[in-house]
Number of protein chains: 2
Amino acid sequence: MGSPVYMQIFEDIKKKINNTELKPGDIVPSEAALCRDYGASRMTVRKGLALLVNEGYIYSIPGKGNFVSKPESNKYTIYFDEMENPINRVDQTRLLEVTIIMPDEKLAGELCTTRNKNVIMIRRLFYTEGVPVAYDVKYLLYHKGMPIVEKEIEHATFTEMISNNMPIFALKKEIMIYAQIPDEEIKRHLNIYHNLSLLVVEQKLFDKEEKPMGLGITYFRGDYIRLQGTNA
Amino acid sequence: MGSPVYMQIFEDIKKKINNTELKPGDIVPSEAALCRDYGASRMTVRKGLALLVNEGYIYSIPGKGNFVSKPESNKYTIYFDEMENPINRVDQTRLLEVTIIMPDEKLAGELCTTRNKNVIMIRRLFYTEGVPVAYDVKYLLYHKGMPIVEKEIEHATFTEMISNNMPIFALKKEIMIYAQIPDEEIKRHLNIYHNLSLLVVEQKLFDKEEKPMGLGITYFRGDYIRLQGTNA
DNA sequence: GAGTGGTCTAGACCACTCA
DNA sequence: GAGTGGTCTAGACCACTCT
């Protein structure tokens, strides 16, 4: 029993919640009561309770008490990287095009910019063992230090392109996942001759002021990629 | 400036990390130094640092110091619910079948069971505004209190089916997302006559001993669903 | 041995809720 | 006014790292 007191408190209460001995909405014994039960000081008890709060088991209402939470049952954590996924990895890329474009209505809206502002467009193909597995398009709002050198762009992930000149902790990212039938251009790029679905992943990156910095759309062959996640 | 001292410490250091004034791998000023800087007690300083640890900004090495982390740049949180998604919601369901089956090799493997154990199979259709949008199959390992009453199953999400008799906090869940072309049966169920992709979401639920309790596969019309997430 | 973080105490004052 | 959680202090002892 070498484990710290606050850990005991944490584990004990967690067990009671998992046993339904304490149910969502129930009040947890008060801090003073826990101090008595464990012969511990209040700071120690609070440290145990803080762990339960962090893991979403309980929440506090000042002046009232600590209460058992309703679990968030449909929350998942997934790790996504254009270049690497649970069943495969990109081992080669081909740069199709790097150009400056004027965005159309839709793209300007997505990037919260106007149609007369320059946008860098990067189109690439990703390969695994010589086979094209994904078609990738990025739109970056131009700003100083932006990589427009082919060498820097060709093998970079979206985050890498932008984090060259932007501290990465400040980035907010959104992801959108959907399924689609390939159009003729994508079929040609990905050597698709028969019926095949695409898994499309859109990534949008924001700066710390919540302004969009870029949009990336990756069209994966459906038989190439699976995204995995857990509620851990 | 009514905000607590520990919050000041937290914000200040966070800002320095986002400014790259402190870079990944750098050492954070020692707790003693921060006590001096802020005229605060050690417990207060430690509370501020604990926040940074929780949010993944720093980590501690006992006897050495606190260090700035490398950010996890490809981690996303998504909320998935069979019945409800960002662009639509299921407003009606139809139970196609509830039966007891013996699993085939593949399913037995997925559920870590043997081919002679009973498995409950539930097949349903989901509708939005009268249109079939998803075909849903669940496989549940039978155990006491399992819902086999149609009324209880028809409108339940996967988690609800199982959490009736199992404390929900103990559940571990895995999710897998991929794109697929519909087979003839699914085309018939979902009234698909032209080319259309499916977005397939597999959910696997585990008990607290990490043993699988059930597998759910939902085949969504590609034009019906988009999954969204953020790195928040 | 000096410095570091990890655990813990026994108090304190505050704002809040509830009866 | 009694009870609750939120913040904070000024100490303490420990195990650890580094030199």
Side-chain angles (χ1 to χ4, degrees), chain A residues 1-17 21-72 169, chain B residues 1-17 21-72 169:
Chain A
M1 310 306 273
S3 77
V5 179
Y6 73 85
M7 194 57 81
Q8 294 281 345
I9 297 173
F10 168 65
E11 300 282 3
D12 286 354
I13 297 178
K14 188 164 75 171
K15 187 174 295 179
K16 283 182 185 166
I17 293 174
E21 201 173 323
L22 286 169
K23 286 179 285 293
D26 284 359
I27 189 164
V28 176
S30 76
E31 296 178 358
L34 291 168
C35 289
R36 284 195 299 277
D37 294 352
Y38 287 89
S41 79
R42 189 153 163 241
M43 286 305 252
T44 301
V45 166
R46 281 179 64 76
K47 183 152 185 179
L49 295 175
L51 288 180
L52 291 163
V53 171
N54 283 342
E55 300 205 0
Y57 283 91
I58 67 171
Y59 61 96
S60 287
I61 302 182
K64 296 184 77 173
N66 290 291
F67 299 87
V68 178
S69 314
K70 283 188 244 314
E72 287 203 84
F169 271 110
Chain B
M1 311 313 266
S3 76
V5 179
Y6 72 86
M7 193 58 78
Q8 294 280 345
I9 297 173
F10 169 65
E11 300 283 3
D12 286 355
I13 297 178
K14 187 165 73 171
K15 187 174 293 178
K16 283 183 185 165
I17 293 174
E21 200 172 322
L22 286 169
K23 286 179 285 296
D26 284 359
I27 191 164
V28 176
S30 76
E31 297 178 358
L34 292 168
C35 290
R36 284 194 300 275
D37 294 352
Y38 287 89
S41 79
R42 191 157 161 237
M43 284 306 249
T44 302
V45 165
R46 281 178 64 74
K47 182 152 185 178
L49 295 175
L51 287 179
L52 291 162
V53 171
N54 284 341
E55 300 204 359
Y57 283 91
I58 66 171
Y59 60 95
S60 287
I61 302 182
K64 297 183 78 172
N66 290 291
F67 299 87
V68 179
S69 313
K70 284 188 245 314
E72 287 203 85
F169 271 109

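Quantities reported herein were computed from a predicted structural model and do not represent experimental measurements. Values reported hereafter were calculated over all heavy atoms of this structure, with side chains retained and with hydrogens, waters and symmetry mates removed. Letters A, B, ... mirror the listed sequences (proteins, then strands); counts begin at 1.
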query: If pairs are Watson-Crick or G-U with both distances under 3.5 Å, what is the dot-bracket string of DNA chain C, marking crossing pairs with [ ] and pairs to another strand with |?
result: ||||||||||||||||||.

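- Across all non-hydrogen atoms, the minimal contact from B/C35 to B/R42 is SG-CA, 3.4 Å.
- For the side chain to side chain donor-acceptor pair (under 3.5 Å) test, no residue two or more places apart in sequence or in another chain qualifies with A/S69.
- In this structure, B/T44 reaches the D/dT9 phosphate: one of its side-chain N or O atoms is under 4.0 Å from OP1 or OP2.
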Filtered N/O pairs between nucleotides 4-6 of chain C and protein, under 3.5 Å:
{"residue": "C/dT4", "atom": "OP1", "partner": "B/S30", "partner atom": "OG", "Å": "3.4"}
{"residue": "C/dG5", "atom": "OP1", "partner": "B/N66", "partner atom": "ND2", "Å": "3.2"}
{"residue": "C/dG5", "atom": "OP2", "partner": "B/E31", "partner atom": "N", "Å": "2.9"}
{"residue": "C/dG5", "atom": "N7", "partner": "B/R42", "partner atom": "NH2", "Å": "3.4"}
{"residue": "C/dG6", "atom": "OP2", "partner": "B/R46", "partner atom": "NH1", "Å": "2.7"}
{"residue": "C/dG6", "atom": "OP2", "partner": "B/R46", "partner atom": "NH2", "Å": "3.2"}
{"residue": "C/dG6", "atom": "N7", "partner": "B/R42", "partner atom": "NH2", "Å": "2.7"}
{"residue": "C/dG6", "atom": "O6", "partner": "B/R42", "partner atom": "NH1", "Å": "3.1"}

task: Go through A/L49 and A/L52 one step at a time and tell me if the side chain to side chain contact (heavy atoms under 4.5 Å, CB included) criterion holds.
output: CA-CA 5 Å; A/L49 295 175; A/L52 291 163; 4.2 Å; yes

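- Rounded to an integer number of Å, the gap from CZ of B/F67 to C1' of D/dC18 is 12 Å.
- Nearest approach of A/A40 to A/V5, heavy atoms of both residues: CB-CG1, 4.1 Å.
- With sequence neighbours excluded, the residues that form a ring-ring contact (aromatic ring centres under 6.0 Å, His included) with A/Y59 are A/F67.
- Here D/dA12 presents its P atom at 15 Å from CE of B/M43, a figure rounded to the nearest Å.
- Judged as a salt bridge (charged side-chain N to carboxylate O under 4.0 Å, His left out), the pairs with a partner in residues 43-56 of chain A (not counting sequence neighbours) are, in order, A/E31-A/R46.
- Within the 4.0 angstrom heavy-atom criterion, no nucleotide atom of any strand lies near A/G48.
- Remark: of the listed residues B/I17, B/I27, B/I13, B/I17 is the sole one forming a side chain to side chain contact (heavy atoms under 4.5 Å, CB included) with B/V68.
- The list of ring-ring contact (aromatic ring centres under 6.0 Å, His included) pairs with a residue in residues 30-57 of chain A, not counting sequence neighbours, reads A/Y57-B/F169.
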